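We number each residue from 1, following the sequence as shown. This one's a predicted model, so the numbers in the text were calculated from it and none came from an experiment.
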Amino acid sequence: STAAGLMIGLALIGMATVVASSLKSSFRDQMGSTLTADYLVNHPSDQNFSEQLAVEVAALPEFSEVSGVRFGSIRVDGDTKDVTSTNFVSLIDLLDVGVVSGDPASAAGPTSMLIHQDVADDRGLEVGDPITVEFAATGEQILTIGAIFENAFLIGNYALDDSAWEANFDTTDINVVAANVAPGVDVVAAGASLGSVEASFPQLEFETNDEFRQRMEGQLDSLLVIINVFLGLAILIALLGIANTMALSVLERTQEIGLMRAIGMTRGQTRSMIRLEAAIVSLFGALLGLVVGLFFGWIAVIAIPESIISSIDIPFGTLAVYAVIATVAGLLAASFPARRAARLNVLDAIAAS
């Protein structure tokens with residue numbers, strides 16, 4: 001019962017750690033295998049911006065393939081779906097979407113669409129088949145399946161060519177610019193050439209592929225820190241409960257402690273006894289909590305779609321550190337009850353009822 005509060009707190013932290021670590025590992029793997037562009041430009045708050053930026057980057061001789069990316073919404077069979085727009089000609093050079101059939105470059109045009117393999121399987125569609133799509137600006141349009149892909153990590157389930165977007169959407173603003181460095185050009189030199197463009201768009205983030213990944217992973221780490229801070233408060237309360245229980249234990253065992261002191265137990269041994277009891281309780285609660293957390297973390301990872309978390313990653317080192325911290329915290333929580341037990345007057349303790 002004493003360890004229950006600590007067990008629940010560490011179970012929650014363990015579950016959050018497993019999910020966050022799996023999310024970060026999956027994100028790193030999928031990002032590394034999907035995003036092949038050398039440079040990315042986007043707004044820190046995910047706001048859209050003028051397509052003129054893509055035009056200016058494309059005009060620089062240090063860059064070869066340059067494409068803007070837009071995100072919007074469409075309706076398919078009455079259901080609202082997210083859609084991505086980019087240049088189909090340069091798509092496979094900037095993103096590895098895992099084309100299963102068809103050719104995105106050949107499908108470039110205002111009447112074509114790329115769909116994910118799951119959509120194709122669910123609707124029984126193949127390359128060349130028509131699909132009815134409803135746009136807010138132009139109403140229902142019949143598009144042709146130009147290619148089918150299997151990696152929806154960044155592009156989603158539906159994708160349009162830039163020409164199809166411009167024909168069916170009112171806005172031409174973009175959300176992201178992806179660019180590859182020209183052959184023979186150093187990435188650092190290419191970044192230096194962006195100085196004039198950065199001056200025109202100071203509100204945007206200009207990042208290399210590695211810098212973008214690190215920033216995204218940093219956001220995941222920040223989220224985990226925030227979660228653990230709140231869960232840490234629950235553990236603090238649990239440790240106060242352990243300290244209170246040990247204090248009551250000393251009060252209830254006053255006569256027993258007095259008798260042990262009378263037959264030779266020293267003050268140091270008395271303090272150690274109380275502290276080790278608290279350590280055992282804390283270690284028991286920590287280990288049991290982490291086991292429960294691992295189980296629920298595994299269940300949570302399985303329940304989350306593979307498009308978000310593709311594999312489970314268990315950070316055993318981090319979890320072991322949590323167990324050690326909880327045990328040491330239990331020792332500290334028992335310090336006051338241990339000192340009180342060691343200071344008991346032997347004769348008064350024996351006489352206590």
Side-chain angles (χ1 to χ4, degrees), residues 24 27-73 82-97 104-105 108 114 149 151-156 158-166 168-223:
K24 184 176 179 180
F27 176 83
R28 185 186 300 113
D29 293 341
Q30 294 184 41
M31 181 69 75
S33 62
T34 302
L35 185 61
T36 57
D38 296 319
Y39 264 91
L40 292 120
V41 183
N42 63 358
H43 195 285
S45 302
D46 296 328
Q47 299 178 18
N48 53 10
F49 49 90
S50 173
E51 64 176 346
Q52 180 61 30
L53 183 140
V55 175
E56 293 185 18
V57 175
L60 297 174
E62 289 82 4
F63 292 90
S64 53
E65 296 87 6
V66 178
S67 177
V69 180
R70 302 178 177 94
F71 302 113
S73 298
D82 294 328
V83 66
T84 303
S85 166
T86 189
N87 186 342
F88 282 178
V89 176
S90 58
L91 172 63
I92 59 176
D93 293 322
L94 299 171
L95 291 176
D96 183 5
V97 296
L114 309 186
F149 57 92
N151 186 356
F153 177 62
L154 294 176
I155 199 172
Y158 299 88
L160 296 172
D161 185 58
D162 284 339
S163 58
W165 177 282
E166 293 165 2
N168 296 286
F169 284 84
D170 293 331
T171 178
T172 59
D173 287 348
I174 55 181
N175 297 86
V176 181
V177 170
N180 275 339
V181 174
V185 179
D186 183 69
V187 175
V188 177
S193 70
L194 289 171
S196 59
V197 181
E198 292 186 49
S200 302
F201 297 88
Q203 77 278 18
L204 303 180
E205 295 278 357
F206 291 74
E207 301 171 307
T208 63
N209 191 309
D210 290 338
E211 290 171 344
F212 177 76
R213 293 185 201 177
Q214 291 172 6
R215 181 165 64 88
M216 293 295 102
E217 292 179 11
Q219 292 179 0
L220 293 177
D221 290 337
S222 298
L223 176 62

**Q** Pair F206, E211 - check side-chain contact (heavy atoms from CB on, under 4.5 Å), show working.
**A** CA-CA 9 Å; F206 291 74; E211 290 171 344; over 6 Å; no
**Q** Could you pull out the closest heavy-atom pair between L60 and V197, with the gap in Å?
**A** CD1-CG2, 4.2 Å
**Q** May I ask you to decide if D173's main-chain N or O and R70's side chain share a donor-acceptor pair within less than 3.5 Å?
**A** yes
**Q** Between L35 and L154, does a side-chain contact (heavy atoms from CB on, under 4.5 Å) hold up when you go through it step by step?
**A** CA-CA 8 Å; L35 185 61; L154 294 176; 4.0 Å; yes
**Q** CG/N42 to CG/L53 distance, rounded to the nearest 0.5 angstrom?
**A** 10.5 Å
**Q** Could you please spell out the steps behind the side-chain contact (heavy atoms from CB on, under 4.5 Å) verdict for V66 and V55?
**A** CA-CA 8 Å; V66 178; V55 175; over 6 Å; no
**Q** When you measure from the side chain of D38 to the backbone of V181, do you find a donor-acceptor pair of N or O atoms at a distance under 3.5 Å?
**A** yes
**Q** Please report the shortest heavy-atom distance between F212 and E207, naming the atom on each side.
**A** CD1-OE1, 3.5 Å
**Q** So, taking the atom named OG1 in T36 and the one named CG in D96, what distance separates them when rounded to the nearest 0.5 Å?
**A** 7.0 Å
**Q** Determine the minimum heavy-atom distance between N209 and L40, stating which atoms define it.
**A** CA-CD1, 4.4 Å
**Q** Provide the closest heavy-atom pair for A182 versus P61 in the form atom of the first, atom of the second, distance.
**A** CB-O, 3.7 Å
**Q** Just by distance, do the side chain of S67 and the backbone of N87 share a donor-acceptor pair under 3.5 Å?
**A** yes
**Q** Should I155 and L91 count as side-chain neighbours, where that means a heavy-atom distance under 4.5 Å?
**A** yes
**Q** Counting C-beta onward and ignoring hydrogens, is there a side-chain heavy-atom pair between F49 and V177 closer than 4.5 Å?
**A** yes
**Q** Just by distance, do the side chain of S45 and the backbone of Q47 share a donor-acceptor pair under 3.5 Å?
**A** no
**Q** I'd like to check F71 versus V176 (side-chain heavy atoms, cut-off strictly below 4.5 Å). Are they in contact?
**A** yes
**Q** Which heavy atom of P104 sits nearest a heavy atom of L114, and at what distance?
**A** CB-CD1, 4.1 Å
**Q** Looking at CD of E205 and NE2 of H43, how far apart are the two atoms once the value is rounded to the nearest 0.5 Å?
**A** 9.0 Å
**Q** side-chain contact (heavy atoms from CB on, under 4.5 Å), that's the test. Do I174 and V69 meet it? Break it down for me.
**A** CA-CA 6 Å; I174 55 181; V69 180; over 6 Å; no
**Q** To the closest 0.5 Å, what do you measure between OG (S73) and CZ (F169)?
**A** 7.0 Å
**Q** Applying ring-ring contact (aromatic ring centres under 6.0 Å, His included), run through Y39 and F63 and close with a yes or a no.
**A** CA-CA 9 Å; Y39 264 91; F63 292 90; 5.7 Å; yes
**Q** Taking side chain as C-beta onward, heavy atoms only, is D161 less than 4.5 Å from S85?
**A** no
**Q** Please round to the nearest 0.5 Å and tell me the distance separating atom OG1 of T172 and atom CG of D162.
**A** 10.5 Å
**Q** If every non-hydrogen atom of W165 is compared with every non-hydrogen atom of T171, which pair is closest and at what distance?
**A** NE1-O, 2.8 Å
**Q** Atom CG of N180 and atom OG of S90: how far apart are they, to the nearest 0.5 Å?
**A** 8.5 Å
